[in-house]
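Below: one structure, written as structure tokens.
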Amino acid sequence: MFRNLLARATDAVRKRLLDSAQPNTQAVINKILAEISQEVEETAVPKRDYSAAKRLVMAMQKQGGVAAANILQLAKTRKLEEMVVALSLLTAIPVDVIDRFLDDPSDDPLLLLCKAIDLDWNTAAAVLAARFDMPQLREGYADEVNRKYRKLTTSSAQRVLRFWQAREKLAAAG
């Protein structure tokens, strides 16, 4: 139980706990914290590798361009990395930013990307399903997200996209 408490404790709580503990207890607490830290590192989601996906998508681009149909096909075949690179190419948003969107608890960033490049609902749904490594979204969830997607206007999504693009340019400039 103590291990679980420490795993969930914030840094401030951990500091207070260590400050109020007796010296021999501090050593035990530090040992448990080190073990927890090691466990977290070992179970952390590995970073996705986009190098092969970039080569494939660039070859697609040279052979006739990347379009919504490519996004749909990549999403339906759950080629996540290739789908991210293709979305990056069509939106001018860096791959690493879209990669972060995959791990975002909200669907909003991906929905905004899809709407900004005017993808139809079936393609947007396939993108979300690929994010979860599923062949398709659950029906109730799909209906909920579809309502949200229909309410979103392309122009407002494009404004957000321009903001993200500008922010990335500023960050890259230093």
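Along the sequence shown, residues are numbered consecutively beginning with 1.
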ask   = Heavy-atom count around Arg138 CZ within 6.0 Å, excluding the residue itself: above 12?
value = no
message = The test is side chain to side chain contact (heavy atoms under 4.5 Å, CB included); show your working for Leu137 and Phe132 and say whether it passes.
response = CA-CA 9 Å; Leu137 298 174; Phe132 298 119; 4.3 Å; yes
key: Side-chain donor or acceptor of Thr77 paired with backbone N/O of Gln73 under 3.5 Å   = yes
ask   = In terms of hydrophobic clusters joined by side-chain contacts under 4.5 Å, are Leu128 and Met134 together?
value = yes
query = Tell me, do Glu81 and Asp49 make a side-chain contact under 4.5 Å, heavy atoms counted?
reply = no
inquiry  = Counting C-beta onward and ignoring hydrogens, is there a side-chain heavy-atom pair between Leu113 and Phe101 closer than 4.5 Å?
reply    = yes
ask   = Heavy-atom distance under 4.5 Å between the side chains of Leu80 and Leu74, does that happen here?
value = no
request  = Determine, step by step, whether Asp96 and Arg100 satisfy the salt bridge (Lys or Arg N to Asp or Glu O under 4.0 Å) criterion, reporting the C-alpha distance in whole Å, the side-chain angles of both residues, the deciding distance to 0.1 Å, and the verdict.
outcome  = CA-CA 6 Å; Asp96 65 310; Arg100 286 194 310 264; 3.7 Å; yes
task = Could you walk me through whether Val95 and Lys54 pass side chain to side chain contact (heavy atoms under 4.5 Å, CB included), step by step?
result = CA-CA 9 Å; Val95 167; Lys54 287 177 181 177; 4.1 Å; yes
note = Only residue of Thr153, Thr154, Leu110 satisfying side-chain contact (heavy atoms from CB on, under 4.5 Å) with Lys115 is Thr154
message = Under a 3.5 Å distance rule, please check whether Arg78 uses its side chain to pair with a backbone N or O of Ala130 as donor and acceptor.
response = no
inquiry  = Using 0.5 Å steps for rounding, measure from the OG1 atom of Thr123 to the CD1 atom of Ile117.
reply    = 9.0 Å
inquiry  = Taking the basic N atoms (NZ, or NE/NH1/NH2) and the acidic carboxylate oxygens, is any pair closer than 4.0 Å for Arg147 and Asp143?
reply    = no
ask   = More than 12 foreign heavy atoms under 6.0 Å from CD of Gln136: is that the case here?
value = no
inquiry  = Donor-acceptor pair, distance only, cut-off 3.5 Å: does the side chain of Asn70 make one with the backbone of Ala67?
reply    = yes
query = Closest approach of Thr91 and Leu87, non-hydrogen atoms and distance?
reply = OG1-O, 2.7 Å
query = Roughly how far, to the nearest 0.5 Å, is the CG atom of Leu56 from the OG atom of Ser51?
reply = 11.5 Å
ask   = How far apart are the closest heavy atoms of Pro94 and Glu168, and which atoms are they?
value = CD-CG, 3.8 Å
ask   = Do the side chain of Gln158 and the main chain of Asp118 share a donor and acceptor less than 3.5 angstrom apart?
value = no
ask   = Out of Val57, Ile98, Val127, which one pairs with Met83 under the side-chain contact (heavy atoms from CB on, under 4.5 Å) rule?
value = Val127
task = Classify the side-chain pair Tyr50/Asp99 by whether it contains a donor and acceptor separated by less than 3.5 Å.
result = yes
query = Charged N to carboxylate O under 4.0 angstrom, Arg48 versus Asp103?
reply = yes
Cluster check Phe163, Leu111: I/L/V/M/F/W/Y, side chain < 4.5 angstrom = yes
task = Taking the side chain as every heavy atom from C-beta outward, state whether Leu119 and Ile71 have any pair of such atoms under 4.5 Å apart.
result = yes
remark   = Nearest heavy-atom approach of Ala124 to Tyr149 is CB-CZ, 3.7 Å
query = Are Leu152 and Tyr141 co-members of a hydrophobic cluster defined by side-chain heavy atoms under 4.5 Å apart?
reply = yes
request  = Verify the cluster assignment for Leu72 and Met60: are they in a single hydrophobic cluster under the rule of side-chain heavy atoms below 4.5 Å apart?
outcome  = no
key: SB check Lys148 Asp108 (cutoff 4.0 Å)   = yes
